[in-house]
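Just so it is clear, the model here is predicted, and its values are computed rather than measured. All residue numbers refer to positions in the sequence shown, counting from 1.
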Amino acid sequence: MKNLTIDITKIYNFVNQPAVASLNAEVNNSIDKLLNGTGKGNDFIGWITLPHDIAFQLDDINATARMLRKECDVIVCIGIGGSYLGAKAVIEALSNPFACYDNSKPKIVFAGQNISEDYLFELQEYLKDKKFGIISISKSGTTTEPALAFRLLKTQLEQQVGKQVARQLIVCITDKAKGALRTLATEEGYKTYVIEDNIGGRFSVLSPVGLLPIACAGFDINRLIKGADDMQKICTSKDLDNNPAATYAAARNALYSKGKKVELLVNFEPKLHYIAEWWKQLYGESEGKENKGIFPAAVDFTTDLHSMGQYIQEGERHLFETVISVQTPKHHVDFPYNESNLDGLNFLAGKRVDEVNKMAELGTMLAHVDGGVPNIHITLPVLDEYYLGQLLFFFEFACGISGYILDVNPFNQPGVEAYKKNMFALLNKPGYEKESEAIRQRIAQN
(Lines give C-alpha, C1' and ligand atoms only; values in the text may rest on other atoms or scores of the structure.)
Protein backbone atom coordinates (compact mmCIF):
# COMPACT_ATOMS: atom_id res chain seq x y z
CA MET A 1 0.00 0.00 0.00
CA LYS A 2 1.37 3.40 -1.00
CA ASN A 3 1.28 6.38 1.34
CA LEU A 4 1.04 10.13 1.06
CA THR A 5 4.43 11.58 0.15
CA ILE A 6 6.07 14.98 0.55
CA ASP A 7 8.83 16.66 -1.47
CA ILE A 8 10.53 19.81 -0.16
CA THR A 9 13.45 19.97 -2.60
CA LYS A 10 11.92 23.03 -4.30
CA ILE A 11 12.46 25.15 -1.19
CA TYR A 12 16.24 24.72 -1.10
CA ASN A 13 16.90 27.74 -3.32
CA PHE A 14 15.37 29.84 -0.54
CA VAL A 15 16.32 28.02 2.65
CA ASN A 16 19.09 25.44 2.47
CA GLN A 17 18.91 21.84 3.61
CA PRO A 18 21.08 22.36 6.73
CA ALA A 19 18.75 25.18 7.84
CA VAL A 20 15.77 22.83 7.66
CA ALA A 21 17.70 20.04 9.39
CA SER A 22 18.69 22.45 12.16
CA LEU A 23 15.06 22.33 13.31
CA ASN A 24 15.21 18.57 13.95
CA ALA A 25 15.78 18.98 17.67
CA GLU A 26 12.74 21.28 17.95
CA VAL A 27 10.68 18.88 15.85
CA ASN A 28 11.66 15.95 18.07
CA ASN A 29 10.88 17.97 21.17
CA SER A 30 7.48 18.92 19.73
CA ILE A 31 6.64 15.29 18.95
CA ASP A 32 7.58 14.36 22.52
CA LYS A 33 5.29 17.07 23.87
CA LEU A 34 2.40 15.83 21.73
CA LEU A 35 2.86 12.17 22.64
CA ASN A 36 3.65 12.71 26.33
CA GLY A 37 1.12 15.49 26.93
CA THR A 38 3.70 17.95 28.26
CA GLY A 39 3.13 20.88 25.89
CA LYS A 40 0.81 23.87 25.96
CA GLY A 41 -2.85 22.92 25.57
CA ASN A 42 -2.17 19.32 26.56
CA ASP A 43 -5.77 18.88 27.72
CA PHE A 44 -6.83 19.01 24.04
CA ILE A 45 -4.70 16.28 22.45
CA GLY A 46 -7.25 13.45 22.41
CA TRP A 47 -7.31 13.65 18.60
CA ILE A 48 -3.84 12.05 18.43
CA THR A 49 -5.16 8.60 19.38
CA LEU A 50 -8.61 9.13 17.86
CA PRO A 51 -8.01 6.95 14.75
CA HIS A 52 -7.55 4.02 17.13
CA ASP A 53 -9.98 5.07 19.86
CA ILE A 54 -12.95 5.67 17.53
CA ALA A 55 -12.95 2.14 16.10
CA PHE A 56 -15.48 0.79 18.62
CA GLN A 57 -18.04 3.43 17.58
CA LEU A 58 -17.90 2.90 13.82
CA ASP A 59 -20.61 0.21 13.66
CA ASP A 60 -23.02 2.39 15.63
CA ILE A 61 -22.25 5.49 13.54
CA ASN A 62 -22.78 3.49 10.34
CA ALA A 63 -26.10 2.14 11.67
CA THR A 64 -27.35 5.66 12.46
CA ALA A 65 -26.25 6.81 9.01
CA ARG A 66 -28.13 3.95 7.34
CA MET A 67 -31.30 4.90 9.23
CA LEU A 68 -31.06 8.56 8.23
CA ARG A 69 -30.27 7.65 4.62
CA LYS A 70 -33.32 5.39 4.50
CA GLU A 71 -35.71 7.89 6.05
CA CYS A 72 -34.55 11.21 4.62
CA ASP A 73 -34.42 12.97 1.27
CA VAL A 74 -32.18 15.64 2.81
CA ILE A 75 -29.94 15.63 5.88
CA VAL A 76 -29.07 19.03 7.33
CA CYS A 77 -25.74 19.14 9.15
CA ILE A 78 -25.80 22.06 11.60
CA GLY A 79 -22.47 23.36 12.90
CA ILE A 80 -19.81 26.01 12.47
CA GLY A 81 -16.02 25.95 12.16
CA GLY A 82 -14.64 22.50 12.83
CA SER A 83 -18.16 21.24 13.47
CA TYR A 84 -18.89 21.32 9.74
CA LEU A 85 -15.73 22.06 7.73
CA GLY A 86 -14.17 18.61 8.06
CA ALA A 87 -17.31 16.77 7.01
CA LYS A 88 -17.94 19.16 4.12
CA ALA A 89 -14.31 18.86 2.99
CA VAL A 90 -14.41 15.05 2.80
CA ILE A 91 -17.89 14.90 1.26
CA GLU A 92 -17.00 17.43 -1.44
CA ALA A 93 -13.70 15.67 -2.18
CA LEU A 94 -15.42 12.31 -2.72
CA SER A 95 -18.64 13.47 -4.41
CA ASN A 96 -19.62 13.85 -8.02
CA PRO A 97 -20.11 17.64 -8.27
CA PHE A 98 -22.99 17.15 -10.72
CA ALA A 99 -24.92 14.66 -8.59
CA CYS A 100 -27.16 17.53 -7.47
CA TYR A 101 -28.90 17.23 -10.82
CA ASP A 102 -30.11 13.65 -10.33
CA ASN A 103 -32.52 12.05 -7.90
CA SER A 104 -29.95 10.35 -5.68
CA LYS A 105 -30.59 10.59 -1.96
CA PRO A 106 -30.02 11.84 0.54
CA LYS A 107 -28.61 15.30 -0.10
CA ILE A 108 -26.28 16.56 2.62
CA VAL A 109 -26.67 20.30 3.17
CA PHE A 110 -25.19 22.56 5.80
CA ALA A 111 -26.59 25.20 8.13
CA GLY A 112 -25.46 27.04 11.24
CA GLN A 113 -22.25 28.27 9.62
CA ASN A 114 -23.55 31.81 9.03
CA ILE A 115 -26.23 34.27 10.17
CA SER A 116 -27.58 35.08 6.72
CA GLU A 117 -31.35 35.63 6.77
CA ASP A 118 -31.63 34.88 3.06
CA TYR A 119 -29.66 31.62 3.42
CA LEU A 120 -31.92 30.41 6.23
CA PHE A 121 -35.12 31.47 4.46
CA GLU A 122 -34.14 29.75 1.23
CA LEU A 123 -33.07 26.60 3.10
CA GLN A 124 -36.42 26.43 4.86
CA GLU A 125 -38.21 26.93 1.54
CA TYR A 126 -36.17 24.12 0.01
CA LEU A 127 -37.06 21.77 2.86
CA LYS A 128 -40.83 22.45 2.81
CA ASP A 129 -41.77 19.52 0.57
CA LYS A 130 -38.99 17.19 1.68
CA LYS A 131 -38.52 14.65 4.42
CA PHE A 132 -35.40 15.80 6.17
CA GLY A 133 -33.29 14.93 9.17
CA ILE A 134 -30.98 17.01 11.32
CA ILE A 135 -27.50 16.40 12.69
CA SER A 136 -26.91 19.17 15.23
CA ILE A 137 -23.29 19.60 16.29
CA SER A 138 -22.33 21.86 19.17
CA LYS A 139 -20.50 21.22 22.42
CA SER A 140 -22.34 23.99 24.26
CA GLY A 141 -25.54 24.34 22.27
CA THR A 142 -25.36 28.13 22.73
CA THR A 143 -23.11 29.21 19.84
CA THR A 144 -25.25 31.76 18.01
CA GLU A 145 -25.07 30.51 14.41
CA PRO A 146 -25.86 26.80 14.96
CA ALA A 147 -28.29 27.49 17.81
CA LEU A 148 -30.33 29.77 15.56
CA ALA A 149 -30.39 27.26 12.72
CA PHE A 150 -31.38 24.43 15.05
CA ARG A 151 -34.23 26.48 16.54
CA LEU A 152 -35.65 27.17 13.10
CA LEU A 153 -35.18 23.70 11.59
CA LYS A 154 -36.28 21.74 14.67
CA THR A 155 -39.54 23.69 14.69
CA GLN A 156 -40.02 23.19 10.94
CA LEU A 157 -39.34 19.46 11.15
CA GLU A 158 -41.80 19.02 14.02
CA GLN A 159 -44.46 20.94 12.10
CA GLN A 160 -43.94 18.83 8.98
CA VAL A 161 -43.80 15.33 10.51
CA GLY A 162 -44.86 15.73 14.14
CA LYS A 163 -42.76 15.70 17.31
CA GLN A 164 -42.67 11.92 17.65
CA VAL A 165 -41.26 11.29 14.15
CA ALA A 166 -38.98 14.31 14.44
CA ARG A 167 -37.34 12.75 17.53
CA GLN A 168 -36.17 9.86 15.37
CA LEU A 169 -34.77 12.17 12.69
CA ILE A 170 -32.68 14.41 14.94
CA VAL A 171 -29.19 13.39 16.08
CA CYS A 172 -27.14 15.57 18.41
CA ILE A 173 -23.35 15.50 18.73
CA THR A 174 -22.48 17.38 21.88
CA ASP A 175 -20.91 17.36 25.33
CA LYS A 176 -21.21 14.16 27.35
CA ALA A 177 -22.81 15.76 30.42
CA LYS A 178 -23.46 19.49 30.22
CA GLY A 179 -24.66 22.29 27.97
CA ALA A 180 -27.91 23.39 26.40
CA LEU A 181 -27.85 20.88 23.54
CA ARG A 182 -27.07 17.97 25.88
CA THR A 183 -29.97 19.01 28.13
CA LEU A 184 -32.40 19.27 25.21
CA ALA A 185 -31.25 15.98 23.68
CA THR A 186 -31.78 14.18 26.98
CA GLU A 187 -35.23 15.73 27.49
CA GLU A 188 -36.37 14.91 23.95
CA GLY A 189 -34.73 11.48 23.73
CA TYR A 190 -32.60 12.24 20.67
CA LYS A 191 -29.87 9.88 19.54
CA THR A 192 -26.57 11.41 20.65
CA TYR A 193 -22.83 11.13 20.18
CA VAL A 194 -20.22 12.72 22.42
CA ILE A 195 -17.64 15.36 21.59
CA GLU A 196 -14.92 14.39 24.05
CA ASP A 197 -13.58 17.14 26.28
CA ASN A 198 -10.01 16.58 25.03
CA ILE A 199 -10.83 17.13 21.34
CA GLY A 200 -11.23 20.66 20.01
CA GLY A 201 -13.52 21.49 17.11
CA ARG A 202 -10.91 21.93 14.39
CA PHE A 203 -9.37 18.55 15.31
CA SER A 204 -12.72 16.72 15.40
CA VAL A 205 -13.20 15.52 11.80
CA LEU A 206 -12.23 11.94 12.70
CA SER A 207 -14.74 11.89 15.59
CA PRO A 208 -18.54 11.49 15.22
CA VAL A 209 -18.58 15.23 14.36
CA GLY A 210 -17.19 14.44 10.92
CA LEU A 211 -17.83 10.72 10.60
CA LEU A 212 -21.63 10.72 10.91
CA PRO A 213 -22.26 13.28 8.11
CA ILE A 214 -19.64 11.56 5.93
CA ALA A 215 -21.31 8.18 6.47
CA CYS A 216 -24.71 9.74 5.75
CA ALA A 217 -23.31 10.86 2.39
CA GLY A 218 -22.59 7.21 1.63
CA PHE A 219 -18.83 7.14 2.05
CA ASP A 220 -16.70 4.52 3.80
CA ILE A 221 -15.69 5.92 7.18
CA ASN A 222 -13.94 2.66 8.08
CA ARG A 223 -11.44 3.23 5.26
CA LEU A 224 -11.13 6.90 6.24
CA ILE A 225 -10.18 5.88 9.77
CA LYS A 226 -7.87 3.15 8.49
CA GLY A 227 -5.95 5.74 6.46
CA ALA A 228 -5.72 8.06 9.46
CA ASP A 229 -4.60 5.22 11.74
CA ASP A 230 -1.84 4.17 9.34
CA MET A 231 -0.67 7.79 9.03
CA GLN A 232 -0.75 8.19 12.82
CA LYS A 233 1.84 5.44 13.13
CA ILE A 234 4.06 7.16 10.53
CA CYS A 235 3.71 10.69 11.94
CA THR A 236 4.48 9.73 15.53
CA SER A 237 7.77 8.11 14.53
CA LYS A 238 11.11 9.67 15.45
CA ASP A 239 12.47 8.58 12.06
CA LEU A 240 12.27 12.15 10.78
CA ASP A 241 13.55 11.30 7.30
CA ASN A 242 10.41 9.20 6.78
CA ASN A 243 7.96 11.30 8.80
CA PRO A 244 6.02 13.60 6.43
CA ALA A 245 4.47 15.65 9.24
CA ALA A 246 7.90 16.38 10.71
CA THR A 247 9.23 17.30 7.26
CA TYR A 248 6.31 19.64 6.55
CA ALA A 249 6.47 21.37 9.93
CA ALA A 250 10.24 21.91 9.67
CA ALA A 251 10.07 23.17 6.07
CA ARG A 252 7.30 25.70 6.64
CA ASN A 253 8.93 27.05 9.82
CA ALA A 254 12.30 27.34 8.10
CA LEU A 255 10.61 29.38 5.36
CA TYR A 256 8.78 31.49 7.95
CA SER A 257 12.10 32.36 9.58
CA LYS A 258 13.27 33.66 6.19
CA GLY A 259 10.32 36.03 5.78
CA LYS A 260 7.86 33.78 3.97
CA LYS A 261 4.78 34.80 5.97
CA VAL A 262 1.94 33.54 3.74
CA GLU A 263 1.34 29.91 2.80
CA LEU A 264 -0.85 29.18 -0.22
CA LEU A 265 -2.42 25.72 -0.22
CA VAL A 266 -2.72 24.86 -3.92
CA ASN A 267 -4.63 22.14 -5.70
CA PHE A 268 -5.07 21.22 -9.35
CA GLU A 269 -8.18 19.17 -8.49
CA PRO A 270 -11.31 21.25 -7.72
CA LYS A 271 -12.70 18.51 -5.47
CA LEU A 272 -10.06 19.59 -2.91
CA HIS A 273 -11.43 23.13 -2.52
CA TYR A 274 -13.02 22.47 0.88
CA ILE A 275 -10.01 20.51 2.10
CA ALA A 276 -8.26 23.87 1.79
CA GLU A 277 -11.07 25.60 3.70
CA TRP A 278 -10.70 23.05 6.51
CA TRP A 279 -6.89 23.45 6.44
CA LYS A 280 -7.20 27.25 6.67
CA GLN A 281 -9.13 27.00 9.93
CA LEU A 282 -6.81 24.31 11.29
CA TYR A 283 -3.65 26.36 10.80
CA GLY A 284 -5.11 29.84 11.21
CA GLU A 285 -6.70 29.14 14.59
CA SER A 286 -3.82 27.00 15.79
CA GLU A 287 -0.86 29.25 14.92
CA GLY A 288 -2.20 32.79 14.69
CA LYS A 289 -1.39 33.96 18.22
CA GLU A 290 0.93 36.31 20.08
CA ASN A 291 1.58 38.22 16.85
CA LYS A 292 3.05 35.07 15.31
CA GLY A 293 2.06 32.59 12.64
CA ILE A 294 2.03 31.91 8.92
CA PHE A 295 -1.09 33.29 7.25
CA PRO A 296 -2.97 30.40 5.58
CA ALA A 297 -4.59 31.09 2.21
CA ALA A 298 -5.70 28.86 -0.65
CA VAL A 299 -6.06 28.86 -4.42
CA ASP A 300 -7.61 26.47 -6.94
CA PHE A 301 -5.44 25.99 -10.02
CA THR A 302 -5.57 26.28 -12.93
CA THR A 303 -8.70 28.40 -12.29
CA ASP A 304 -7.01 30.96 -10.03
CA LEU A 305 -3.96 31.25 -12.25
CA HIS A 306 -6.24 33.46 -14.36
CA SER A 307 -6.97 35.71 -11.37
CA MET A 308 -4.20 35.36 -8.77
CA GLY A 309 -1.39 34.09 -10.98
CA GLN A 310 0.02 37.54 -11.71
CA TYR A 311 0.43 38.41 -8.03
CA ILE A 312 1.88 35.01 -7.16
CA GLN A 313 4.42 35.31 -9.99
CA GLU A 314 5.50 38.93 -9.50
CA GLY A 315 3.95 40.41 -6.33
CA GLU A 316 5.55 40.83 -2.94
CA ARG A 317 7.85 37.92 -2.20
CA HIS A 318 6.35 36.85 1.13
CA LEU A 319 4.64 33.72 -0.24
CA PHE A 320 5.33 30.02 -0.41
CA GLU A 321 3.12 27.29 -1.86
CA THR A 322 2.12 23.85 -0.65
CA VAL A 323 0.68 21.90 -3.57
CA ILE A 324 -1.56 18.86 -3.09
CA SER A 325 -1.34 16.64 -6.15
CA VAL A 326 -3.48 13.58 -6.94
CA GLN A 327 -1.30 11.07 -8.76
CA THR A 328 -4.00 9.02 -10.50
CA PRO A 329 -7.51 10.28 -11.36
CA LYS A 330 -10.53 7.99 -11.10
CA HIS A 331 -11.64 8.47 -14.71
CA HIS A 332 -10.05 8.54 -18.17
CA VAL A 333 -10.75 11.31 -20.71
CA ASP A 334 -8.63 11.85 -23.83
CA PHE A 335 -8.07 15.22 -25.44
CA PRO A 336 -10.14 15.15 -28.68
CA TYR A 337 -8.96 15.77 -32.25
CA ASN A 338 -10.76 18.50 -34.22
CA GLU A 339 -10.53 18.71 -38.03
CA SER A 340 -10.53 22.51 -38.26
CA ASN A 341 -8.12 22.97 -35.32
CA LEU A 342 -9.16 26.60 -34.94
CA ASP A 343 -8.01 26.64 -31.34
CA GLY A 344 -4.62 25.21 -32.31
CA LEU A 345 -4.82 22.40 -29.78
CA ASN A 346 -4.55 19.36 -32.01
CA PHE A 347 -0.99 18.88 -30.75
CA LEU A 348 -2.68 17.61 -27.57
CA ALA A 349 -5.03 15.19 -29.36
CA GLY A 350 -4.91 11.70 -27.88
CA LYS A 351 -3.27 12.76 -24.64
CA ARG A 352 -5.10 12.18 -21.37
CA VAL A 353 -6.59 15.36 -19.93
CA ASP A 354 -4.78 14.49 -16.69
CA GLU A 355 -1.43 14.61 -18.52
CA VAL A 356 -2.23 18.15 -19.65
CA ASN A 357 -3.23 19.05 -16.08
CA LYS A 358 -0.02 17.55 -14.67
CA MET A 359 2.08 19.54 -17.15
CA ALA A 360 0.20 22.69 -16.13
CA GLU A 361 1.07 21.80 -12.52
CA LEU A 362 4.76 21.24 -13.30
CA GLY A 363 5.00 24.34 -15.48
CA THR A 364 3.39 26.46 -12.77
CA MET A 365 5.71 25.13 -10.09
CA LEU A 366 8.79 25.88 -12.21
CA ALA A 367 7.57 29.38 -13.03
CA HIS A 368 6.72 30.20 -9.43
CA VAL A 369 9.98 28.83 -8.04
CA ASP A 370 11.86 30.86 -10.66
CA GLY A 371 9.78 33.86 -9.58
CA GLY A 372 10.76 33.53 -5.92
CA VAL A 373 7.96 31.36 -4.53
CA PRO A 374 9.22 28.20 -2.76
CA ASN A 375 7.20 25.05 -3.32
CA ILE A 376 6.32 22.13 -1.03
CA HIS A 377 4.72 19.21 -2.88
CA ILE A 378 2.34 16.68 -1.29
CA THR A 379 1.14 13.74 -3.39
CA LEU A 380 -1.88 11.49 -2.79
CA PRO A 381 -1.83 8.25 -4.83
CA VAL A 382 -5.59 8.54 -5.48
CA LEU A 383 -8.44 10.62 -4.08
CA ASP A 384 -10.40 8.20 -1.92
CA GLU A 385 -11.40 7.68 1.71
CA TYR A 386 -8.16 5.97 2.71
CA TYR A 387 -5.85 8.69 1.42
CA LEU A 388 -8.08 11.51 2.67
CA GLY A 389 -7.80 9.91 6.11
CA GLN A 390 -4.02 9.99 5.72
CA LEU A 391 -4.09 13.63 4.59
CA LEU A 392 -6.31 14.79 7.45
CA PHE A 393 -4.18 13.22 10.17
CA PHE A 394 -0.96 14.34 8.47
CA PHE A 395 -2.09 17.98 8.52
CA GLU A 396 -3.34 17.73 12.11
CA PHE A 397 -0.14 16.25 13.51
CA ALA A 398 2.08 18.62 11.52
CA CYS A 399 0.00 21.48 12.89
CA GLY A 400 0.69 20.39 16.45
CA ILE A 401 4.44 20.13 15.75
CA SER A 402 4.48 23.48 13.99
CA GLY A 403 2.58 25.25 16.78
CA TYR A 404 5.05 24.04 19.37
CA ILE A 405 7.99 25.15 17.21
CA LEU A 406 6.38 28.62 17.23
CA ASP A 407 6.02 28.32 21.03
CA VAL A 408 2.27 28.98 21.02
CA ASN A 409 -0.64 26.90 22.31
CA PRO A 410 -1.93 25.25 19.11
CA PHE A 411 -5.14 24.09 20.74
CA ASN A 412 -6.87 27.25 21.98
CA GLN A 413 -8.45 30.19 20.12
CA PRO A 414 -8.81 33.14 22.51
CA GLY A 415 -9.00 35.69 19.70
CA VAL A 416 -12.23 34.19 18.35
CA GLU A 417 -14.13 35.54 21.35
CA ALA A 418 -13.49 39.24 20.52
CA TYR A 419 -16.17 39.56 17.83
CA LYS A 420 -18.68 37.65 19.94
CA LYS A 421 -18.33 40.05 22.86
CA ASN A 422 -18.91 43.05 20.59
CA MET A 423 -21.87 41.37 18.86
CA PHE A 424 -23.54 40.47 22.16
CA ALA A 425 -22.98 43.99 23.48
CA LEU A 426 -24.54 45.52 20.36
CA LEU A 427 -27.52 43.16 20.65
CA ASN A 428 -28.01 44.09 24.33
CA LYS A 429 -27.51 40.57 25.65
CA PRO A 430 -28.13 40.46 29.41
CA GLY A 431 -24.87 40.71 31.30
CA TYR A 432 -23.21 42.89 28.65
CA GLU A 433 -24.58 46.27 29.78
CA LYS A 434 -21.18 47.87 30.48
CA GLU A 435 -19.72 46.59 27.23
CA SER A 436 -22.79 47.78 25.34
CA GLU A 437 -22.47 51.31 26.66
CA ALA A 438 -18.74 51.43 25.95
CA ILE A 439 -19.03 50.18 22.40
CA ARG A 440 -21.88 52.54 21.57
CA GLN A 441 -19.77 55.47 22.80
CA ARG A 442 -16.95 54.31 20.52
CA ILE A 443 -19.32 54.16 17.56
CA ALA A 444 -20.69 57.63 18.33
CA GLN A 445 -17.18 59.07 18.51
CA ASN A 446 -16.35 57.67 15.08
Side-chain angles (χ1 to χ4, degrees), residues 34 40-51 53-54 57 61 76-92 110-115 134-150 171-182 185 192-214 221 224-225 228 274-289 293 296 389 391-393 395-400 402-403 408-420:
L34 288 167
K40 296 177 180 179
N42 55 30
D43 49 344
F44 281 96
I45 56 174
W47 55 272
I48 296 173
T49 57
L50 194 52
D53 297 342
I54 198 67
Q57 291 193 67
I61 293 170
V76 186
C77 182
I78 298 175
I80 195 166
S83 295
Y84 95 101
L85 275 171
K88 187 169 179 64
V90 174
I91 291 168
E92 292 283 336
F110 294 86
Q113 79 278 38
N114 61 59
I115 320 177
I134 298 172
I135 302 171
S136 184
I137 305 169
S138 176
K139 182 164 272 191
S140 67
T142 58
T143 304
T144 304
E145 296 90 341
L148 168 62
F150 188 48
V171 180
C172 295
I173 305 176
T174 187
D175 190 89
K176 68 176 69 173
K178 63 183 184 298
L181 189 57
R182 166 53 64 186
T192 63
Y193 293 96
V194 170
I195 305 172
E196 297 293 347
D197 291 340
N198 61 358
I199 298 173
R202 61 186 176 275
F203 290 88
S204 67
V205 61
L206 299 172
S207 78
V209 169
L211 297 180
L212 180 58
I214 292 166
I221 58 172
L224 187 80
I225 291 299
Y274 274 95
I275 291 290
E277 294 302 303
W278 169 82
W279 170 88
K280 281 160 58 177
Q281 187 208 5
L282 179 66
Y283 280 81
E285 272 196 355
S286 296
E287 293 188 326
K289 293 154 194 171
L391 183 68
L392 295 171
F393 190 87
F395 273 138
E396 287 180 344
F397 202 77
C399 186
S402 192
V408 300
N409 180 349
F411 308 117
N412 67 356
Q413 53 280 338
V416 175
E417 299 303 313
Y419 92 89
K420 295 180 182 178

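- For the pair Ile195/Ile137, a side-chain contact is recorded, criterion being any heavy-atom separation below 4.5 Å from C-beta on.
- Panel note: side chain Thr174, backbone Ser138; a donor-acceptor pair is recorded below 3.5 Å.
- Nearest approach of Ile54 to Ile225, heavy atoms of both residues: CG2-CD1, 3.7 Å.
- For the residue pair Glu287 / Ser402, a side-chain donor-acceptor distance below 3.5 Å is found, with atom types taken as modelled.
- The two atoms that bring Cys399 and Tyr283 nearest to each other are N-OH, 3.2 Å, heavy atoms only.
- Sequence neighbours left out, the pairs with a member in residues 201-211 that pass salt bridge (Lys or Arg N to Asp or Glu O under 4.0 Å) are Arg202-Glu285.
- Between Leu392 and Leu224 the shortest heavy-atom distance is CD1-CD1, 4.4 Å.
- Rounded to the nearest 0.5 angstrom, Leu282 CG and Ile275 CD1 are separated by 11.0 Å.
- Here the CD atom belonging to Glu92 is positioned 11.0 Å from the CG atom belonging to Leu85, to the nearest 0.5 angstrom.
- Taken from CG in Asn114 to OG1 in Thr144, the straight-line distance is 12.5 Å, to the nearest 0.5 Å.
- Rounded to the nearest 0.5 Å, atoms CD1 (Ile199) and OG (Ser204) are 8.0 Å apart.
- Neither side chain, Asn412 nor Lys40, offers a donor N or O lying under 3.5 Å from an acceptor on the other.
- In this structure, Phe393 and Ile48 approach most closely via the heavy-atom pair CE1-O, 3.6 Å.
- With a 4.5 Å cut-off on side-chain heavy atoms, Leu206 and Ile221 do not count as touching.
- Other residues, nucleotides and ligands contribute more than 12 heavy atoms inside 6.0 Å of the CZ atom of Phe395.
- Between Gly403 and Pro410, the closest heavy-atom pair is CA-CG, 3.9 Å.
- The two residues Ala87 and Pro213 have their closest heavy-atom pair at CB-CB, 3.8 Å.
- Side chains of Gln57 and Leu211 form no contact here, defined as non-hydrogen atoms less than 4.5 Å apart.
- Taken to the nearest 0.5 Å, the OG atom of Ser83 stands 8.5 Å off from the CD1 atom of Ile173.
- Glu196 is listed as a side-chain neighbour of Lys176, based on a closest heavy-atom distance under 4.5 Å.
- Atom-to-atom distance recorded for Lys178:NZ and Ser140:OG is 10.0 Å, nearest 0.5 angstrom.
- Not one N or O on the side chain of Lys88 forms a donor-acceptor pair closer than 3.5 Å with the backbone of Tyr274.
- With Gln281 contributing its side chain and Gly82 its backbone, the two residues share a donor-acceptor pair below 3.5 Å.
- Counting only distance, with no hydrogens or angles, the side chain of Tyr84 and the backbone of Ala111 share no donor-acceptor pair below 3.5 Å.
- In this structure a side-chain-to-backbone donor-acceptor pair under 3.5 Å is missing from Lys139 to Leu181.
- Contact of the Ile45 side chain with the Asn198 side chain is not registered, since no non-hydrogen atoms from C-beta on lie closer than 4.5 Å.
- Residues meeting the ring-ring contact (aromatic ring centres under 6.0 Å, His included) test with Phe203, sequence neighbours left out: Trp47, Phe411.
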